[in-house]
2 protein chains.
Amino acid sequence: MDVKGASTNKKQLQSKQTKRKVAEAARALFVNKGYGATSIEDIAEATGSSKGNIYYHFKSKEGLFLYLIDEWDHEWEVKWQQNESQYKTVTDKLYGFARQIVLDDLHHPLSKAANEFFNYNEKPSDIEERIIEMMQGHLKFNQDLIQQGIDNGEFKSDNVECHAAILESMVIGLSQMSRQLKLENALMLYQQAIKVFLYGISN
Amino acid sequence: MDVKGASTNKKQLQSKQTKRKVAEAARALFVNKGYGATSIEDIAEATGSSKGNIYYHFKSKEGLFLYLIDEWDHEWEVKWQQNESQYKTVTDKLYGFARQIVLDDLHHPLSKAANEFFNYNEKPSDIEERIIEMMQGHLKFNQDLIQQGIDNGEFKSDNVECHAAILESMVIGLSQMSRQLKLENALMLYQQAIKVFLYGISN
DNA sequence: TTTTATACTGAACGTTCGTTCAGGATTATA
DNA sequence: TATAATCCTGAACGAACGTTCAGTATAAAA
């Protein structure tokens with residue numbers, strides 16, 4: 001009787017809300033403690049609901065994490081598209097790119113937990129697949145950015161693919177290095193790194 | 001009755017040998033499966049001895065890992081000092097530095113397991129401390145190298161400390177990025193990265 | 001109102017894993 | 001040879017954790 005997504009159904013509404021609550025609690029815990037160190041019980045406690053209830057809303061712990069990763073990815077993209085238009089040059093875009101990474105990903109989101117999975121070998125899981133996907137997305141993103149800069153005549157690069165990988169490496173490494181840094185120092189470090197990168201590839 | 005370290009004591013010899021065997025088996029397992037995914041039982045099986053025996057030779061799982069980290073560190077330093085003399089310029093040293101990292105650390109040693117610990121938050125352990133120590137050692141190493149290059153007039157740097165951190169970030173990121181790469185491709189990527197870095201800081 | 005689907009609980013299960021310990025075997029010491 | 005120290009075994013412990021499930025309450029549907 002209702003239009004899609006606009007049901008007045010009281011039960012469904014409650015359900016959505018608790019699912020949200022679980023997702024947000026899990027997110028906060030994964031951020032602070034990492035994936036492995038966060039137990040389902042922790043999440044249940046934080047939400048005030050039961051372990052079983054979490055398994056009602058999510059298939060498994062991995063499934064919950066995957067759900068959060070997807071959310072995160074989507075939020076990042078939206079934010080980037082909002083920011084991108086304000087940058088005139090590709091050079092500015094690169095600095096803005098670094099800036100958004102620091103502001104969005106440094107302390108808040110799932111970067112630590114994602115990193116944890118990155119160095120995971122146990123049983124192959126859906127997450128492995130998802131991380132490889134993310135990685136390739138990042139490389140593509142970097143390549144496009146560098147190619148734009150070349151086409152614009154802002155800088156040179158004799159090896160776009162390689163330089164995209166180097167940029168990605170820098171970003172990964174920086175996120176690990178700067179975890180214990182204060183935000184302003186992290187920002188400076190990232191900006192400096194982009195500067196080094198930009199001067200470095202144009203030779 | 002014996003001079004230190006040269007005892008003919010049959011029992012002590014056996015003990016040293018089994019300790020060695022355990023260390024090497026553990027090392028291989030930590031490398032392949034990571035720290036968390038390697039159980040004491042795995043190590044016991046691989047050595048053909050018992051779980052209890054491992055706890056006779058090592059205080060704990062962490063203690064065993066710490067022991068390996070120290071070994072690794074020491075081996076690296078020895079090898080570096082062997083290599084260092086063959087490089088005339090600091091620039092060459094940097095390329096050689098990258099080369100040794102790839103050849104020694106890419107697939108073989110405990111880099112994966114160390115990385116795993118890097119993104120660990122559970123209970124604070126001795127390993128945390130040791131990793132911070134290692135990190136500071138690396139930064140110092142990088143700083144010295146860059147300073148040497150400046151003093152030699154090979155390149156410039158307006159911010160040695162910052163650039164040392166960026167170099168370290170690059171190395172950390174590269175080791176993660178290139179885990180699934182073939183050795184020759186990894187070598188190329190590292191060399192390119194050093195090139196970018198060198199051109200980048202001199203501006 | 002009766003029936004059915006949905007949201008949720010909490011105890012229990014099964015497994016894994018690090019660690020301990022009583023005791024046995026082997027070698028050094030007296 | 002007798003005693004003591006050292007090396008090693010293997011079973012058992014205990015805690016943690018992801019997952020399941022029988023059952024309950026509540027709201028929707030009939």
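- In this structure, B/K19 forms a cation-pi arrangement with B/F58, its terminal cationic atom sitting closer than 6.0 Å to the ring centre and no more than 45° off the ring axis.
- At whole-Å resolution of the value, CD in A/E41 and P in D/dA15 are 15 Å apart.
- A/S15 has no side-chain polar atom (N or O) that falls below the 4.0 Å cut-off from OP1 or OP2 of C/dT6.
- Protein atom NZ of A/K21 is 15 Å distant from nucleotide atom P of C/dA7, rounded to whole Å.
- Rounded to whole Å, atom C1' of D/dA25 lies 13 Å from atom CD of A/Q14.
- Among the protein residues, B/T47 comes within range of no part of the nucleic acid, since none of its heavy atoms lies under 4.0 Å from any strand.
- Here C/dC17 is the nucleotide among C/dC8, D/dT26, C/dC17 with the atom lying nearest to any side-chain atom of B/S39.
- Listed by chain and number, the residues in a ring pair (Phe, Tyr, Trp, His ring centres under 6.0 Å) with B/F155 amount to none (sequence neighbours excluded).
- Taking the salt bridge (Lys or Arg N to Asp or Glu O under 4.0 Å) definition, one finds that B/K79 meets it with B/D104, sequence neighbours left out.
- With rounding to whole Å, B/F58 atom CZ is found 14 Å from D/dC7 atom C1'.
- With sequence neighbours left out, the ring pair (Phe, Tyr, Trp, His ring centres under 6.0 Å) criterion links A/Y55 to no other residue.
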Original post:
Could you go step by step and tell me if B/D151 and B/Q147 meet the side-chain hydrogen bond (donor to acceptor under 3.5 Å, both in side chains) rule?
Top reply: CA-CA 6 Å; B/D151 295 344; B/Q147 192 58 52; 3.2 Å; yes
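- The nearest whole Å value for the distance from the OH atom in A/Y56 to the P atom in D/dT19 is 18 Å.
- For the ring pair (Phe, Tyr, Trp, His ring centres under 6.0 Å) test, no residue two or more places apart in sequence or in another chain qualifies with A/Y199.
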For nucleotides 19-21 of chain C, which of its nitrogen or oxygen atoms have a protein nitrogen or oxygen under 3.5 Å away, and what is each distance?
from   : atom 1 : to    : atom 2 : distance (Å)
C/dT19 : OP2    : B/Y55 : OH     : 2.5
C/dT19 : OP2    : B/K61 : N      : 2.9
C/dT19 : O5'    : B/Y55 : OH     : 3.4
C/dT19 : O4     : B/K51 : NZ     : 3.0

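- With C/dA28, C/dT9, D/dA27 as the candidates, the nucleotide lying closest to the side chain of A/S50 is C/dT9.
- Residue side chain B/K10 does not reach the base of C/dT27 through any donor-acceptor N/O pair under 3.5 Å, judged by distance alone.
- To the nearest angstrom, P of D/dG18 lies 11 Å from CG of A/L64.
- Look at CG on A/N9: it is 8 Å from P on C/dA7, rounded to the nearest Å.
- Minimum atom distance to the side chain of B/K11 is reached by C/dT26, of the listed C/dC8, C/dT9, C/dT26.
- Scored by the side chain to side chain contact (heavy atoms under 4.5 Å, CB included) test, A/E168 finds A/M135, A/H138, A/L139, A/N142, A/I172, B/M177 as partners (sequence neighbours excluded).
- The CD1 atom of A/I54 sits 13 Å away from the P atom of C/dG10 (whole-angstrom rounding).
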